[in-house]
Peer 1: 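One structure coming up, written as structure tokens, with questions to follow.
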Number of protein chains: 2
Amino acid sequence: MDRRATEKDDETSATERPTLKTLAFMTGLGVTTVSRALKDAPEIGAETRRRVQLVAKQIGYRPNRAGVRLRTGKTNVISLVLNTEHELMSFVSDIIYGVTEVIADTPYHLIVTPYSRSQDPLDPVRYLVETGSADGVIISRTQPNDPRARYMLERGIPFATHGRTDMGLVHPYHDFDNYAFAGEAVRYLAGVGRRRLALMTPPVGLTYYGHTVNGFADALSEVGASEVPFNTVSIDHTIEQIRMRTAQLMRRDDRPDGIISSAAAATLAVVAGIEDAGLKLGRDVDVVSKQSSEVLHLFRRELLVVNENFRLAGSELARAVLGWIGGAAPGSLQSLSKPSEVLPYRG
Amino acid sequence: MDRRATEKDDETSATERPTLKTLAFMTGLGVTTVSRALKDAPEIGAETRRRVQLVAKQIGYRPNRAGVRLRTGKTNVISLVLNTEHELMSFVSDIIYGVTEVIADTPYHLIVTPYSRSQDPLDPVRYLVETGSADGVIISRTQPNDPRARYMLERGIPFATHGRTDMGLVHPYHDFDNYAFAGEAVRYLAGVGRRRLALMTPPVGLTYYGHTVNGFADALSEVGASEVPFNTVSIDHTIEQIRMRTAQLMRRDDRPDGIISSAAAATLAVVAGIEDAGLKLGRDVDVVSKQSSEVLHLFRRELLVVNENFRLAGSELARAVLGWIGGAAPGSLQSLSKPSEVLPYRG
DNA sequence: TTGGCAATCTGTAACGTTTCAGTATATTGA
DNA sequence: TCAATATACTGAAACGTTACAGATTGCCAA
């Protein structure tokens, strides 16, 4: 029976997007052969393979994502889950660019999945997993005992966390060594004669809160300096709250002569509070702050900075997720980035 | 013939995600009926409709995106196209949140499509359109004669631009009134006695460069002030370049006594340059700057600011794209946001 | 009674892909 | 020569959805 199979349904008019059927028609092969030839399957003849790939390239064939996804369940999507209230602006921007840099020459797309204060952080993750919307997930604001990581581990969906967990479970992560950061900062301040130090902490509850606080405490006792408690605010608070609390702190008799801040945005507020109290940066108090872009030295030359590279974090996280998807061992996809030295303003 | 159709292939074990077939089995209806009942089609009985929708809600049915996309071509995806080198950090973060806010209770996902300096800005758009990867697109860095807008208009894919075009073609946009901003700024500076004004411009080539320059020029002649040319840099340049050029400018005899800056990041550099030249903000020169978050007054109290809300821009752009997708007239989906007054530091 | 019609519901095909179970031909070993 | 086997290819089915073209029922007008 003469079934010229594709003739009746495939437009030769070339205005439509080419499919496997189009390629099959053009090469005179079956769609199965074309499909396998394109992915270098072994049972396809070398010449056929080359021929198919040539034609595919010529006419600009691109696999239909919906077709692949429906058939295989593979979405070719990585989802970045973000808190719309509490992420740092520079974090969002840089991490996205870091991720896109890595997935640029892969078939992956990046989708951004937001959640707000009012929601359980588990909600967006559950949504992604239940609807099978992504092959891999990146989360931030990681907690020592993180329900999201536990959940994804149970469900077997590849993910990576920005920050570590502490649940005895192994999964990919990228983290900045905040223990080292706080330690370096304390030692630097001690080195310039500061003895009474306060810490503008990360949000209580996140893993790196603990790292930072521990690095701070350990280094304090190492150098024999003392802590001025400052735990009524964290970098999650508003500019106004931080500013006010800092001013209150700095008006006390036992005020600190050194402050360590975990985020650039908070540092702006801290400095404002210091100045509200009539004190001068670099004279009455030194401030060491993390920053992710070179902005603090423009703000006040007296600030001491340590750089944290969020774009790198994004790249590492993307690499980790892709690695896990690709079958690598989760335990081999962990990275820790060391802080730079404490940097004073350079001319 | 007793064909208990779904029995052999549908797991009753409920571990799998429910599909229309599952619903059909549970309700005893055909999958067509279920499909139509879920989307309130008219030829479905009222009771059946309610029954199907109840069961669907109970078991947490969610349509399979790949199925819908394959069958209908509808992706339920909005793509935000971003330049990875030249977007402002706050822009990226805020616009994403603005968009996600609007699409949160729709089936839409947001994908971020990046492009870098080395690429033609048309590339990512062409990719999206050719692969049918999105139902709607949002672009920024809009030009008066924008090939991307022209291309998408030709291809009939809904989009919205951040910034206007000037090609005689109508499409949705959201823009900030930079003509008004520059005018307000000039008038304010003139009002405090400044007569020789310079403009730190937007990137040459983008539409709002023209708007800003025109607003500046028109207001200058209105108030009888004069311009000090400062066109060797724009806000796209690096901090270091802007700082150096500003210092050069401020060391000249005919230096400006007022500067208007189109972006907060650039303003930091401008102020650094002013201070490099040994001049004092508020005394020797006043600076009016746009900002998108309340950061400049912490930086220097003497700065004068005008607020531009990028989160609003994101929301408006998302609304515009969804509106166009929904069949609204493109011409009815345009919005212009007016600048706030020029705001000095308030105690 | 009959034909027509509205109201509800249904099976089949198709979207583009991959997998399964082949088929046809050439090649090899005995 | 024959069977076994390797090589290179193929059609059909399935993923979950929607559109199309019916099918069934009951009701009403003639």
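Protein chains get the first letters and strands the later ones, always in sequence-line order, with residue 1 at the start of each.
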Peer 1: Over all strands shown, is A:G28 touching base, sugar-phosphate only, or nothing at heavy-atom distances under 4.0 angstrom?
Peer 2: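 The residue A:G28 makes sugar-phosphate contact but no base contact.
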Peer 1: If you take any heavy atom closer than 4.0 Å to DNA chain D, which residues from residues 64-77 of chain A end up in contact?
Peer 2: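 Only A:L70, A:R71 qualify.
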Peer 1: When the ring planes of A:F159 and A:W324 are compared, do they come out parallel, tilted or perpendicular, using 30° and 60° as the limits?
Peer 2: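 Plane angle between 30° and 60°, so tilted.
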Peer 1: Ignoring backbone atoms, test whether B:S35 places a side-chain nitrogen or oxygen under 4.0 Å from the OP1 or OP2 oxygen of D:dT18.
Peer 2: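 Yes.
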Peer 1: With a 4.5 Å heavy-atom cut-off, do B:R155 and B:Y151 have their side chains touching?
Peer 2: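 Yes, close enough: below the 4.5 Å cut-off.
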Peer 1: Would B:Q53 and B:D40 count as having a side-chain donor-acceptor pair, cut-off 3.5 Å?
Peer 2: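 There is such a pair (donor and acceptor under 3.5 Å, judged by atom type) between the side chains of B:Q53 and B:D40.
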Peer 1: Rounded to the nearest angstrom, tell me the gap between atom CG in A:L20 and atom C1' in D:dC15.
Peer 2: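 Computing the A:L20:CG to D:dC15:C1' distance gives 15 Å.
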Peer 1: Roughly, in whole Å, what's the span from CD in B:E16 to P in D:dA14?
Peer 2: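 Result: 16 Å.
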Peer 1: More 5' along DNA chain C: B:V34 or A:P18, using each one's nearest nucleotide?
Peer 2: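 Of the two residues, B:V34 wins.
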Peer 1: Could you state the interatomic distance from CD1 (B:I95) to CG (B:L110), rounded to the nearest 0.5 Å?
Peer 2: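 So the gap between those two atoms works out to 10.0 Å.
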Peer 1: Please evaluate residues A:D135 and A:K74 with respect to the criterion side-chain contact (heavy atoms from CB on, under 4.5 Å), reporting the C-alpha separation (whole Å), side-chain torsions for both, the decisive distance (0.1 Å), and the verdict.
Peer 2: CA-CA 7 Å; A:D135 296 334; A:K74 184 138 205 288; 3.4 Å; yes
Peer 1: With side chains defined as the heavy atoms from C-beta onward, is the minimum distance between B:R126 and B:D120 less than 4.5 Å?
Peer 2: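 When only atoms from C-beta onward are counted, B:D120 and B:R126 do touch, with a gap below 4.5 Å.
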Peer 1: Any carboxylate oxygen within less than 4.0 angstrom of a Lys/Arg side-chain nitrogen, looking at B:E47 and B:R50?
Peer 2: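 No salt bridge links B:E47 with B:R50.
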Peer 1: Which atom pairs link the protein and nucleotides 24-26 of chain C when you take only N or O atoms and keep those under 3.5 Å?
Peer 2:
none

Peer 1: Starting from P on D:dG11, measure out to CZ on A:F25 and report it in whole angstrom.
Peer 2: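 Roughly 14 Å, once rounded to whole Å.
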Peer 1: Could you tell me, to 10°, how much the axis swings from one end of the helix from C:dT1-D:dA30 to C:dA30-D:dT1 to the other, five pairs per end?
Peer 2: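 Answer for the end axes of this duplex: 60°.
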Peer 1: When the distance from CG of B:L29 to P of C:dG11 is rounded to whole Å, what number comes out?
Peer 2: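 Taking CG of B:L29 and P of C:dG11, I get 10 Å after rounding.
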Peer 1: With the side chain of B:T19 defined as its heavy atoms from C-beta on, choose the nearest nucleotide among D:dT17, C:dT18, C:dT17.
Peer 2: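 Of the options given, the side chain of B:T19 lies nearest D:dT17.
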Peer 1: Restricting to nitrogen or oxygen on both sides, can you table the protein-nucleotides 20-22 of chain C pairs closer than 3.5 Å?
Peer 2:
none

Peer 1: Are A:R69 and B:R65 close enough that some pair of their side-chain heavy atoms sits under 4.5 Å apart?
Peer 2: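 Side chain of A:R69 against side chain of B:R65, heavy atoms only: contact under 4.5 Å found.
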Peer 1: Spell out, as yes or no, whether a donor-acceptor pair under 3.5 Å connects the side chain of B:T207 to the backbone of B:G163.
Peer 2: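 Pair absent, no side-chain N/O of B:T207 close to backbone of B:G163.
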Peer 1: Give the minimum heavy-atom separation between B:S140 and B:E87, together with the two atoms involved.
Peer 2: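 Result for this residue pair: OG-OE2, 2.7 Å.
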Peer 1: State, to 0.1 Å, how close B:E85 and B:S116 come at their nearest heavy-atom pair, and which atoms those are.
Peer 2: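 Taking B:E85 first and B:S116 second, the nearest heavy atoms are OE1-C, 3.4 Å.
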Peer 1: Does the distance from a Lys or Arg side-chain N to an Asp or Glu carboxylate O, for A:E43 and A:R36, drop under 4.0 Å?
Peer 2: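 Looking at A:R36 together with A:E43, the answer is yes, because their closest N to O distance falls below 4.0 Å.
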Peer 1: Considering only heavy atoms, which members of residues 38-49 of chain B lie under 4.0 Å from some atom of DNA chain C?
Peer 2: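 Result for residues 38-49 of chain B: B:E43, B:I44, B:G45, B:T48, sorted by number.
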Peer 1: Do you see a donor-acceptor pair shorter than 3.5 Å between the side chains of A:T165 and A:H171?
Peer 2: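 Judged by distance alone, the side chains do pair up.
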Peer 1: What nucleotide among D:dC15, C:dT18, D:dC9 has an atom nearest to a side-chain atom of B:K21?
Peer 2: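 The answer is D:dC15.
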Peer 1: A side-chain contact here means heavy atoms from C-beta on lying under 4.5 Å apart; do A:L317 and A:Y173 qualify?
Peer 2: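 Answer no - side chains too far apart.
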Peer 1: Taking ring pair (Phe, Tyr, Trp, His ring centres under 6.0 Å) as the definition, give me every residue that meets it alongside B:Y61, ordered by chain and number, with sequence neighbours left out.
Peer 2: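 For B:Y61 there are no ring pair (Phe, Tyr, Trp, His ring centres under 6.0 Å) partners, ignoring immediate neighbours.
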Peer 1: For B:R51 and C:dC9, what is the distance between atoms CZ and C1' respectively, to the nearest whole Å?
Peer 2: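 It works out to 12 Å between those atoms.
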Peer 1: Charged N to carboxylate O below 4.0 Å: is that the case for A:E101 and A:R311?
Peer 2: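 So A:E101 pairs with A:R311 through a salt bridge.
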